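Right, one structure below, let's go through it.
First listed ligand is number 1; within each ligand, the first listed atom is number 1. It should be emphasised that the depicted structure is a prediction, and the values quoted were computed from it without experimental measurement.
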Amino acid sequence: MIVLSAPTSVLLAGGGSAGHVSPLLSLADALRRRHPDLRVTALGTQEGLEARLVPAHGLELRVVPKVPLPRRPSADLLRLPRRLKAAIDAAGAAIDETGADVVVGFGGYVSTPAYLAARRRGVPVVIHEQNARPGLANRLGARWAQAVATTFSSTSLRGAQRVGMPLRRAVATLDRAATRPEALTQLGLRDGLPTVLVTGGSLGAQRLNEAFAARVAQLSAAGIQVLHVTGLGKEFVAEVPQGGAPYVVVPYLDRMELAYAAADLVVARAGANTVCELTAVGLPAVYVPLPIGNGEQRLNVADVVAVGGGLVVDDAALTPEWVDAELVRLATDAPRLAEMAAAARALGEPAADERLADLVDAAAAHGRGRS
Ligand SMILES: CC(=O)N[C@H]1[C@@H](OP(=O)(O)OP(=O)(O)OC[C@H]2O[C@@H](n3ccc(=O)[nH]c3=O)[C@H](O)[C@@H]2O)O[C@H](CO)[C@@H](O)[C@@H]1O
C-alpha cells in the first residue's frame, strides 16, 4: 500500500453503547499501527460509554453536547437550532484545535454536528455505518462524504461500499482451535463436551437469561455445557446435577475471544458487532433480534442467515420449551454445526479495520476543500 500524503491528525466521532464505541476504537488502533505519529482524537458525548471507554483506550476525548433529533413535533424541536449550533461549534473547535485532516463518523448523536462542522471547513468526511439500517446522521452526512463504508451488504446509503465492521484485534485474529485449551481452563469449562455460549450483547438480554436459567439442570444432564454471559447485575446461581456438564454464569467478559474459542454454538442478540465477530471467527449462531427499536437487528442477520451461517428465532419464541425442542438437538449435531461454521466464516470480514483505514488514508490524500 502506497500512502501519498499520510494524515497527521484525524477526528473520530461516535459513541453510545459499548457496541457503538468499539469500531471507533478498532479503527484508531489500525490507524496508529500504520502511522505511529498520527494524532487520533475521539469526539463523543459526556453521556455515552465513550466517556469511559475512550480514555481507557489511551485516546483523547473531546465532548460535544448531546443533540437528540426529535422524530415528532415537541418542545425539543423548538430548542433544536440552538442546541445544534452549540454542538456544531464544539465539533468545529475540536477540528480546528486538533488540525484534523479527516473526520470519520460512526453515526449517532455526535456525528451530525461533526459532519456539518467538517463540511463548513472543507475537511473530508468518511462515514462508517454499523447497522444494516442506516441512522439519520449517516444518511445526512453521506450526501457530502468522501467515502461511505457499510458493515452489511444490504445497507442503502449514497455511495456505499461494504467493508465490514472494524473488530478488536483479539477477536479478528483469534485462532479458535489454538486458544481453546486456555479458554476452557480460564472459564471453568471441560474439554470434549458440546459447548453453548449465551450472550445478550453488551447489556445482556433478559429474555435469553430467563429461558436458559429455567433449563440449567436439563442442559447439564444432557451433557451440554453452557457459558452464559448475562450482562452486569443480571447474573444468577446455576445449580447443576451431580455428574452433569458445567453451567458457568458470568456477568461480563472483557476477553470475549475466550468465550468464542470455547464455544461450538452461540445463542445471541443480533447487535452488529456480535454478528460480525461471530462470522469473523466462524461460529454458528442462533440469533434472537431485539424486538424493539427500528428493527435493525433483524436486518443485521439477513446476510448470515441467507448463507446458512445462522438461524433467526423471534424473541417471543425463545422460551424454555424452545431450549428443550430445538437447542438440545442443534447443539449435539456436530456435522450441521460444522457446515454452519464454514458458511459463517466465509462471510466474515476480519480485516474491516484495515479496509476502513485505507479509506481514511485516501481521504487524507485527497485533501481539504475538494470533497
Ligand atoms: C440495545 C442496543 O442499543 N443494541 C445496539 C448496540 O448493541 P450492543 O452494544 O449490544 O452491541 P453489539 O451486539 O453490536 O456488540 C456487543 C459487544 O460487546 C462485547 N461484549 C459483550 C459481552 C461481554 O461480556 N463482553 C464483551 O466484550 C462483544 O464482544 C461485542 O463487541 O449497538 C449495536 C451496534 O450499533 C446495534 O446493532 C445494537 O442494536
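Looking only at atom types and distance, the side chain of Asn273 has no donor-acceptor partner in the side chain of His20 under 3.5 Å away. A donor atom on one side chain and an acceptor atom on the other are found under 3.5 Å apart for Tyr115 and Asn138. Judged by distance alone, the side chains of Thr150 and Gln161 never bring a donor and an acceptor atom under 3.5 Å apart.
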Go through the steps to decide whether Thr230 and Asn209 satisfy the test side chain to side chain donor-acceptor pair (under 3.5 Å), and finish with yes or no.
-> CA-CA 6 Å; Thr230 58; Asn209 290 350; 5.0 Å; no
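At least one donor-acceptor pair under 3.5 Å links the side chain of Arg180 to the backbone N or O of Ala262.
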Return a table of N or O atom pairs, ligand 1 on one side and protein on the other, at distances under 3.5 Å, rounded to 0.1 Å.
unit_1	atom_1	unit_2	atom_2	d
ligand 1	9 (O)	Ser17	OG	2.6
ligand 1	9 (O)	Gly19	N	3.1
ligand 1	9 (O)	Ser202	OG	2.7
ligand 1	10 (O)	Ser202	N	3.1
ligand 1	10 (O)	Ser202	OG	3.4
ligand 1	13 (O)	Thr274	OG1	2.7
ligand 1	14 (O)	Ala272	N	3.3
ligand 1	14 (O)	Asn273	N	2.7
ligand 1	14 (O)	Asn273	ND2	2.9
ligand 1	24 (O)	Leu253	N	2.8
ligand 1	25 (N)	Leu253	O	2.7
ligand 1	27 (O)	Tyr252	OH	3.3
ligand 1	27 (O)	Leu253	O	3.4
ligand 1	29 (O)	Arg168	NH2	2.6
ligand 1	29 (O)	Glu277	OE1	2.7
ligand 1	29 (O)	Glu277	OE2	3.3
ligand 1	31 (O)	Arg168	NH2	3.4
ligand 1	31 (O)	Glu277	OE2	2.5
ligand 1	35 (O)	His20	NE2	3.3
ligand 1	35 (O)	Gln130	OE1	2.6
ligand 1	35 (O)	Asn131	ND2	3.0
ligand 1	37 (O)	Asn131	OD1	2.5
ligand 1	37 (O)	Ala272	N	2.9
ligand 1	37 (O)	Asn300	ND2	3.4
ligand 1	39 (O)	Glu296	OE2	2.5
ligand 1	39 (O)	Gln297	NE2	2.9

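Aromatic ring orientation, Trp322 versus Phe212: perpendicular (interplanar angle above 60°, classes split at 30° and 60°).
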